Amino acid sequence: MNLNSNMGSRKRIKKHVQTVDESGWKLICGVPKTSKEAKEIIGKTKIPISPDSLVRSSHAGHIYAIKTENELFGKERSTIVYANRERSVKDADARNEALSVIGESLNELSQTGKDWSEKRLHDRIKNIVGQWSGFIDASVRRKRRA
């Protein structure tokens, strides 16, 4: 049974896993990496970059994987955690570039927006942060004048 990332809710995924268990199946594939459980497992798993953990090499990248034992939906299960190094580096570079641009823009705004209203500043901050708003908490705090 394949549980792809389009499934949505955690509750639905858990129900499918329970259905697989009740059917006597021993294999569950594709638990979305965005699920709380998968994030916890990924977060605590160190994938060694070595010939032993290299699973696939292609023009798209090198995939490394490790088998671990973790609790997943109420049961101890064998899980395979994998990483594509090239994609990870590319994603990190893109995040760092975006954060750099956002930081520069916010620094510039701290000068140009000194006398702006809070509403105008918040609107401009929202525009600068854009799609990264789920990861960045930017707020306005006025210095008290003595």
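Only a predicted model underlies this, so the values are computations on that prediction, with no experimental measurement involved.
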Measuring from atom [atom1] of [X] to atom [atom2] of [Y], what distance do you get when rounded to the nearest 0.5 angstrom?
{"X": "Glu71", "Y": "Thr79", "atom1": "CD", "atom2": "OG1", "value": "11.5 Å"}
{"X": "His122", "Y": "Asn127", "atom1": "NE2", "atom2": "CG", "value": "14.5 Å"}
{"X": "Ser50", "Y": "Ile66", "atom1": "OG", "atom2": "CD1", "value": "8.5 Å"}
{"X": "Gln131", "Y": "Ile136", "atom1": "CD", "atom2": "CD1", "value": "9.5 Å"}

Check whether the side chains of Thr45 and Thr68 place a donor and an acceptor atom closer than 3.5 Å, and report yes or no. no

In chain order, what residues pass the side-chain contact (heavy atoms from CB on, under 4.5 Å) check against [X], with sequence neighbours excluded?
{"X": "Ser57", "result": "His62"}
{"X": "Lys67", "result": "Glu69, Ser78, Ile80"}
{"X": "Ser105", "result": "Val101, Ile128"}
{"X": "Pro51", "result": "none"}

Within one Ile-Leu-Val-Met-Phe-Trp-Tyr cluster: [X] and [Y], side-chain cutoff 4.5 Å:
{"X": "Leu99", "Y": "Ile125", "result": "yes"}
{"X": "Leu54", "Y": "Tyr82", "result": "no"}
{"X": "Val81", "Y": "Phe73", "result": "yes"}

Kindly determine whether Trp132 and Ile102 satisfy side-chain contact (heavy atoms from CB on, under 4.5 Å), including the steps that lead there. CA-CA 9 Å; Trp132 299 95; Ile102 290 168; 3.7 Å; yes

Let's go through Trp116 and Arg124 carefully: what are the C-alpha distance in whole Å and the side-chain angles of both, what is the deciding distance for side-chain contact (heavy atoms from CB on, under 4.5 Å) to 0.1 Å, and is it a yes or a no? CA-CA 10 Å; Trp116 292 8; Arg124 182 67 183 122; 4.0 Å; yes

Give me the atom names and distance for the closest heavy-atom approach of Arg77 to Leu72. NE-O, 2.7 Å

Exercise: identify the closest heavy-atom pair between Ile47 and Ala65: CG2-N, 4.0 Å

Whether Ser133 side chain and Val129 backbone form a donor-acceptor pair below 3.5 Å: no

Inter- and intrachain pairs under salt bridge (charged side-chain N to carboxylate O under 4.0 Å, His left out), touching residues 95-110, at least two apart: none

Restricting to pairs with a member in residues 78-91, which pass salt bridge (charged side-chain N to carboxylate O under 4.0 Å, His left out), not counting sequence neighbours? Arg87-Asp91

Find out whether Ser35 and Val31 are in side-chain contact, i.e. whether some heavy atom of one side chain is under 4.5 Å from a heavy atom of the other. yes

Holding to side chain to side chain donor-acceptor pair (under 3.5 Å), I want the full list of residues that pass it with Lys44, two or more places apart in sequence or in another chain. Asn70

List in chain and number order the residues that pass side chain to side chain donor-acceptor pair (under 3.5 Å) with Asp52, two or more places apart in sequence or in another chain; answer none if no residue qualifies. none

